[in-house]
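Here the structure is laid out as structure tokens; the discussion comes afterwards.
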Amino acid sequence: VLLRPIRAVGPLMLLSMTISFAGLVLATGAVTASDSATGAIATLGTWLRLGAPGAATLVVAITLAIFASVAFAALRGVAAAYRARLINEQSLLADATFLFFALGYTVVLLPGGIGHLATAPAAFAAYKLVGVAALRRSAASAPPPRTLLVLRVFALGDRSERLYRRISAVWLRRGPITMIAGPDLIASTIQPDEFIDFARGRQGQSFVRSRGDLAQRLAAIPQDPDWDGRYRLTEVFCFDATWRSAMVALAARADAILMDLRGFTRENAGCLFELEQLAALPRIERVALYTDSSTDMLFLDECLAALREAGGPGGDDAPPSRLAVHDADDDARAAAALVTYLLRDEGATLRR
């Protein structure tokens, strides 16, 4: 569950599986340790004409279903805690991993006495107390937040995910990230509450359908950090009729913008709209255009030249100084250079 492709939902699945199967193991152990319980199962098998093995299988299935229901209730509680900002995706990952091993060791210790059932909750409580104290202390000295808007060519797939992972690891300690939701980053960016809504068939409620929906969504974007000093990613789910308004509104709220133009060609009409809007922004401090060999640089230069001739805020510069182009040579170094550039306050430039 810690593998990159499933890490966003892995802790949730780990939590549900741990509750379901730990409950089954503990219940099975309690039944087999009781002569009266095993006798009752044998009687049930005779009555249902299943035999003892069939009755045992039925009891296991019913027990697993009961604890699976408990697990789903726990997942809904996790989603509620996430909305209340009591946890975030990083703390959930750490908590689920710690709890998994704590429960595992508890099962190993159980033959030594029923009192060992307290091992997991006691260890988990101690871990949380130490972790919360340490993280709150580090969060107290955080600099003023800066909001990053991430735009991209949606067809990049794994390349877009790798870049986002490297950028967000640093940026979410400095400020929030916003973006238009897309299938290319779903494995890295899905939030616990979004996953639960998907499991319950309610994902359609997250989409922006009108200007009123957009205003509510923007007003709900958290600007301050969670208790551990880490800011949040906010994805805006849009239909084709609403993504342009959402992009303009998100850009107006951002302090810096990263536009991943790898794979950019004349076919990407949406990116052309976004470039036009970025050039017209009156107050943005930093815009970095991220390119590589898959970018149609001739066409991009034509677009930037057209923006310059249209009288964008870049004046006579080519390209406008706030639309700095950065070539991707090595992903790790390039991501570090992008973060450094986007966080700088003075008039530094980043050009190819």
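For this chain, numbers begin at 1 and follow the sequence in order. Model, not experiment: these values are computed from the prediction.
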For [X] and [Y], work out which heavy atoms get closest and say how close.
X: Ala68; Y: Ser20; value: CA-OG, 3.5 Å
X: Trp171; Y: Pro176; value: NE1-O, 3.4 Å
X: Tyr164; Y: Leu233; value: OH-CD2, 3.2 Å

Checking the side chain of [X] only, and the main-chain atoms of [Y] only, is there a donor and an acceptor separated by less than 3.5 Å?
X: Arg253; Y: Leu218; result: yes
X: Asp255; Y: Thr147; result: yes
X: Asp228; Y: Arg230; result: yes
X: Thr265; Y: Glu267; result: yes
X: Asp292; Y: Ser294; result: yes
X: Thr295; Y: Phe264; result: no
X: Asn268; Y: Cys271; result: no
X: Arg232; Y: Ile177; result: no
X: Thr242; Y: Cys238; result: no
X: Thr97; Y: Leu93; result: yes

task = State whether a side-chain donor-acceptor pair under 3.5 Å links Tyr127 with Asp95.
result =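 Yes - a donor-acceptor pair under 3.5 Å links their side chains.
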Determine whether [X] and [Y] fall in the same hydrophobic cluster, where Ile, Leu, Val, Met, Phe, Trp and Tyr are linked whenever their side-chain heavy atoms lie under 4.5 Å apart.
X: Val248; Y: Leu214; answer: yes
X: Val108; Y: Ile19; answer: no
X: Val25; Y: Leu99; answer: no
X: Leu148; Y: Val170; answer: yes
X: Met17; Y: Leu64; answer: yes

task = Begin with the C-alpha distance, continue with both residues' side-chain angles, and end with the deciding distance and a verdict on side chain to side chain contact (heavy atoms under 4.5 Å, CB included) for Thr119 and Tyr105.
result = CA-CA 8 Å; Thr119 301; Tyr105 280 113; 5.6 Å; no
task = Take Arg217 and Glu235 through the salt bridge (charged side-chain N to carboxylate O under 4.0 Å, His left out) test and state the conclusion after the steps.
result = CA-CA 10 Å; Arg217 183 66 169 163; Glu235 294 181 284; over 6 Å; no
inquiry  = Would Arg262 and Asp260 count as a salt bridge (charged side-chain N to carboxylate O under 4.0 Å, His left out) here? Give the steps.
reply    = CA-CA 6 Å; Arg262 291 173 296 171; Asp260 190 350; 2.6 Å; yes
More than 12 heavy atoms of other residues, nucleotides or ligands under 6.0 Å from [atom1] of [X]: yes or no?
X: Phe299; atom1: CZ; result: yes
X: Arg211; atom1: CZ; result: no
X: Phe273; atom1: CZ; result: yes

Ring centres under 6.0 angstrom apart (Trp243, Phe207) =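 That pair fails the under 6.0 Å test.
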Quick one: does [X]'s side chain get under 4.5 Å of [Y]'s, heavy atoms only?
X: Ile87; Y: Val78; answer: yes
X: Glu89; Y: Tyr82; answer: yes
X: Leu338; Y: Leu163; answer: yes

query = Run the side chain to side chain contact (heavy atoms under 4.5 Å, CB included) check on Leu278 and Ile257 step by step: do they pass?
reply = CA-CA 9 Å; Leu278 296 186; Ile257 297 175; 3.3 Å; yes
message = Under 4.0 Å between a side-chain nitrogen and a carboxylate oxygen: does that hold for Glu274 and Arg152?
response =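 No salt bridge links Glu274 with Arg152.
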key: Residues Tyr290, Met259; criterion side chain to side chain contact (heavy atoms under 4.5 Å, CB included); working and verdict   = CA-CA 6 Å; Tyr290 193 58; Met259 189 170 185; over 6 Å; no
message = Evaluate Arg85 against Asp224 for side chain to side chain contact (heavy atoms under 4.5 Å, CB included), listing each step before the verdict.
response = CA-CA 11 Å; Arg85 304 185 68 181; Asp224 54 326; 2.9 Å; yes
